[in-house]
Amino acid sequence: PLLVLTLQVVAIVLYYVVMVSTLVVDRQSGEIALLKSRGAGLFQIVSIYLLEGGVLAGIGMAAGPFLAVGVIALLGKTPPFEGLSGGDLLDVRLTTEAYLWGLGGALLSILALVWPALRASTYSIVRYKQAISRPPEQSVIQRYYLDVVLVVVAAILFRQLQDSGSLVTEDLFGGLDQDPLLLIAPTIFIVTVGIIFLRLFPLLLTVASLVTDRFAGIAIQLGLWHLVRAPLQNARPVLLLILATSIGMFSATFGSTLERSFEDRALYEAGAPLRIRDLSLRAVAGPNALAAELAA
């Protein structure tokens with residue numbers, strides 16, 4: 001169950017990195033178009049961002065595991081972990097697996113920085129000026145109706161999850177196994193809600209602009225006009241807020257599922273609500289003595 005929540009948190013972090021990288025590259029699109037007009041090739045432009053991303057990711061990969069060890073150890077001083085740590089620092093060991101996960105995160109972060117640069121390197125001076133004067137109003141997902149496909153996939157996964165009633169399914173040999181599609185079903189639901197909002201976001205801005213046209217001041221009108229003119233750029237942070245809020249609500253409701261899971265595990269290990277050990281019935285004489293022995 002924790003894997004379900006971890007996947008969503010990692011997906012949010014990666015989306016945040018992609019969003020910030022896209023904003024940085026968009027501000028430098030003029031310089032990229034200028035370099036390309038002066039004869040710079042695709043590999044030369046991408047290599048600049050590849051070197052920059054490699055240096056940043058290398059520093060993060062080297063310092064990240066040690067920072068994580070220190071932060072996790074300090075969790076033992078917090079009230080939720082006092083029952084586990086007794087008020088002391090948590091015992092944390094740094095393994096090779098942590099560096100492997102760190103390497104994977106570093107590679108994904110480099111890709112998140114290089115991908116917007118690769119897209120911006122295809123712009124010429126003329127296309128860059130056109131993009132400034134008339135920003136795109138729809139993303140690739142909306143232009144090719146990929147959000148509709150995602151809604152269909154989310155509906156199928158929801159039906160499967162409702163029919164099975166659990167994230168665990170039965171394999172061909174009768175054993176129990178976790179279905180990876182059902183594990184990522186909550187993440188797909190959250191992404192689907194965010195993408196549907198992206199399609200409705202320009203319509204909501206247009207309605208808000210029409211409603212406030214009569215009585216709002218010029219500052220509000222200029223802000224709404226700018227949002228209506230470039231809805232795609234402003235939808236990125238809104239989508240980030242939607243995804244983060246959705247994960248917060250999911251984790252709050254998923255806590256009861258985790259507690260139920262741990263209770264079921266404990267009851268399965270115990271085998272009965274009450275277990276009495278080291279009770280010798282031979283030394284007991286009469287029902288009164290038996291009650292005293294049981295109380296002890």
Side-chain angles (χ1 to χ4, degrees), residues 9-64 101-147 149-150 191 194-202 205-206 222-244:
V9 174
V10 171
I12 284 292
V13 173
L14 289 178
Y15 174 74
Y16 174 76
V17 174
V18 171
M19 186 188 71
V20 174
S21 302
T22 303
L23 292 176
V24 172
V25 174
D26 286 345
R27 293 183 60 182
Q28 300 174 351
S29 297
E31 301 176 5
I32 295 175
L34 181 61
L35 289 174
K36 188 175 180 181
S37 65
R38 299 295 174 85
L42 177 64
F43 177 76
Q44 293 174 325
I45 295 175
V46 173
S47 62
I48 297 175
Y49 290 91
L50 188 63
L51 179 61
E52 179 181 354
V55 172
L56 295 176
I59 296 174
M61 180 181 171
W101 283 105
L103 178 61
L107 293 177
L108 290 175
S109 299
I110 294 174
L111 181 62
L113 182 62
V114 173
W115 172 251
L118 184 63
R119 180 178 55 85
S121 61
T122 60
Y123 283 12
S124 60
I125 291 291
V126 176
R127 189 177 177 185
Y128 170 70
K129 295 295 183 180
Q130 290 177 348
I132 293 179
S133 60
R134 187 176 293 275
E137 297 182 358
Q138 287 185 337
S139 61
V140 177
I141 296 177
Q142 297 174 347
R143 193 178 304 121
Y144 295 102
Y145 295 96
L146 297 180
D147 52 349
V149 178
L150 191 60
V191 174
I195 290 180
I196 291 176
F197 176 80
L198 286 184
R199 184 169 287 276
L200 299 177
F201 186 59
L205 291 177
T206 304
L222 287 176
L224 288 175
W225 289 344
H226 177 71
L227 291 175
V228 173
R229 183 172 175 269
L232 186 59
Q233 296 179 358
N234 301 284
R236 294 167 184 166
V238 176
L239 179 60
L240 178 64
L241 290 176
I242 291 176
L243 296 177

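FYI, side chains are in, hydrogens and waters are out, and symmetry mates aren't considered; it's all heavy atoms of this structure. All figures in this text were calculated on a predicted structure; none of them were measured in a lab.
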List the atom of [X], the atom of [Y], and the distance in Å for their closest heavy-atom pair.
{"X": "S21", "Y": "A112", "result": "CB-O, 3.3 Å"}
{"X": "I110", "Y": "G54", "result": "CD1-CA, 3.9 Å"}
{"X": "K36", "Y": "S121", "result": "NZ-O, 3.1 Å"}

What distance separates [X] [atom1] from [Y] [atom2], expressed to the nearest 0.5 Å?
{"X": "I45", "Y": "L50", "atom1": "CD1", "atom2": "CG", "answer": "13.5 Å"}
{"X": "L42", "Y": "L118", "atom1": "CG", "atom2": "CG", "answer": "5.5 Å"}
{"X": "I12", "Y": "L240", "atom1": "CD1", "atom2": "CG", "answer": "6.0 Å"}
{"X": "I195", "Y": "L200", "atom1": "CD1", "atom2": "CG", "answer": "12.5 Å"}

Notebook entry, point to check: Does some side-chain heavy atom of V17 sit less than 4.5 Å from a side-chain heavy atom of L113?
Noted result: no
Notebook entry, point to check: Looking at side-chain heavy atoms only, is the closest gap between I32 and Y49 below 4.5 Å?
Noted result: yes
Check: Under the ring-ring contact (aromatic ring centres under 6.0 Å, His included) test, which residues partner F197, sequence neighbours left out?
Finding: F201
Item checked: Given V25, D26, L23, the one that forms side-chain contact (heavy atoms from CB on, under 4.5 Å) with P116 -> V25
Note to self: Within a 6.0 Å radius of atom OH on Y15, are there more than 12 heavy atoms belonging to other residues, nucleotides or ligands?
What the structure shows: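 Correct, the count exceeds 12.
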Next item on the list: Mark yes or no for whether Q44, through its side chain, and G41, through its backbone, hold a donor-acceptor pair below 3.5 Å.
Entry: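 Such a contact is found between Q44 side chain and G41 backbone.
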